[in-house]
Amino acid sequence: MQGDAADSVFYIQKGRAKLTVVSGTGKEATITLLAPGEFVGEEAIAAVAGSRLATAIAITACTALKIDRKEMIRVIHEEHAFSDLFLAFLLARSMRTQADLVDQLFNSSEKRLARVLLLMSEFGKSSEPQTLLPEITQETLAAMIGATRSKVSAFMNRFRKLGFIEYNGRIRVNKSLLNVVLHDQPFEQNALSADLLSTPPGGSKSAKQISKVINRINQAPDRPVKKSRS
């Protein structure tokens, strides 16, 4: 939770979550969505551990592995395959953050909504023409794109009438929604290439490797700290 001590990192195995921040005046904003294969709370491994910068809230039932800060730092040094995967994740997170900034600066709120729906549907990973999204409220979508709920509702109705989505409690995204993002959009490659909902390189194989390493960390007895020679 935002403001708590950043003393551990979490690895999401199952489910979806959202990352939110609250301002000093109490205004809440949704930064991004989290999916299986992602880490959260990576600020815990900074040189000087501080406080959590955001709060992770489950959207669906989630399973996450908790890794103590000291163990996370140790395994990054000792498990080179793990450190490679973690670095790949950090780079993907950085690219997505830059793409989100471009999206906020140059795209309309309608295009931002289309992009969020495409990212949630994991566009490009499946050959299926439609993808069913996890349950998410219009309030959350509005917070993510910086718009009001009424605007999101109007955009969703328009997308449904145009056949881009099907919306009956759960949202089903048609790949034709991509047309909204690409129309008169010089930044489409920036906006779509850095997909934070993707798992680290290697997909499920990498996720299994990470799980094995983390399980080994959690099952290992505490190691005595070596004293440096003066």
Side-chain angles (χ1 to χ4, degrees), residues 1-23 28-97 100 119-120 122 125 133-137 140 143-144 194-227:
M1 182 174 289
Q2 183 178 346
D4 289 351
D7 56 2
S8 57
V9 178
F10 292 86
Y11 175 72
I12 300 177
Q13 291 180 302
K14 297 179 182 179
R16 295 285 183 92
K18 62 179 180 178
L19 204 60
T20 66
V21 293
V22 179
S23 69
E28 181 178 302
T30 299
I31 301 175
T32 191
L33 297 179
L34 303 168
E38 295 190 69
F39 293 90
V40 62
E42 64 272 15
E43 67 270 15
I45 64 170
V48 179
S51 301
R52 299 282 187 201
L53 303 178
T55 299
I57 302 172
I59 295 176
T60 64
C62 289
T63 300
L65 293 172
K66 181 180 180 180
I67 314 169
D68 180 77
R69 177 179 185 272
K70 291 182 179 178
E71 288 299 316
M72 185 70 179
I73 293 174
R74 180 185 65 79
V75 79
I76 286 175
H77 288 295
E78 296 183 5
E79 300 276 356
H80 297 299
F82 178 85
S83 58
D84 288 345
L85 292 169
F86 186 64
L87 178 60
F89 162 78
L90 292 179
L91 289 173
R93 169 69 57 87
S94 176
M95 290 172 62
R96 173 64 189 276
T97 301
D100 286 344
L119 291 174
M120 288 183 63
E122 299 185 285
K125 296 182 187 177
L133 268 58
E135 292 185 10
I136 187 169
T137 65
T140 298
M144 292 186 69
D195 183 355
L196 183 56
L197 299 186
S198 63
T199 55
S204 59
K205 183 178 179 181
S206 296
K208 290 179 180 179
Q209 289 177 330
I210 291 175
S211 296
K212 287 181 180 179
V213 173
I214 294 173
N215 285 329
R216 190 160 66 247
I217 293 172
N218 293 335
Q219 293 171 5
D222 293 336
R223 295 189 175 190
V225 178
K226 294 183 180 180
K227 296 183 177 179

> Which heavy-atom pair separates Thr55 from Gln2 by the least distance, and what is that distance?
Replying inline: OG1-N, 2.8 Å

> Is the backbone N or O of Asp68 less than 3.5 Å from a side-chain atom of Glu71, with the two atoms forming a donor-acceptor pair by type?
Replying inline: no

> When rounded to the nearest 0.5 angstrom, what is the spacing between CG in Leu133 and OG1 in Thr60?
Replying inline: 11.5 Å

> Looking only at heavy atoms, what is the nearest atom pair of Ser8 and Ala44, with distance?
Replying inline: O-CB, 3.4 Å

> So, for Arg69 and Ile45, which heavy atoms are closest and what is the spacing to 0.1 Å?
Replying inline: NE-CA, 4.3 Å

>> Tell me the closest heavy-atom pair linking Leu34 and Ala56, and the distance in Å.
In response: CD1-CB, 4.4 Å

>> Would you compute the distance between atom SG of Cys62 and atom NZ of Lys14 and round it to the nearest 0.5 angstrom?
In response: 11.5 Å

>> Working to the nearest 0.5 angstrom, can you tell me the gap between Glu38 CD and Leu19 CG?
In response: 9.5 Å

> Rounded to the nearest 0.5 Å, how far does CE of Met144 lie from CE of Met120?
Replying inline: 7.0 Å

>> Minimum heavy-atom separation for Asp100 and Ile31, please, with both atom names.
In response: OD2-O, 4.5 Å

> Which pair of non-hydrogen atoms, one from Gln13 and one from Pro36, has the smallest distance, and what is that distance?
Replying inline: O-CB, 3.4 Å

> Quick one: salt bridge (Lys or Arg N to Asp or Glu O under 4.0 Å) pairs with a partner in residues 42-58, sequence neighbours left out?
Replying inline: Asp7-Arg52, Glu42-Arg93

> Within a strict 4.5 Å, meaning less than it, do heavy atoms of the Leu119 and Leu33 side chains meet?
Replying inline: no

>> Nearest 0.5 angstrom please: Thr63 OG1 to Phe10 CZ, how far?
In response: 13.0 Å

Indicate every side-chain donor-acceptor pair of residues 81-90 with a distance under 3.5 Å to a residue at least two apart or in another chain.
unit_1	atom_1	unit_2	atom_2	d
Ser83	OG	Glu79	O	3.4
Ser83	OG	His80	O	2.8

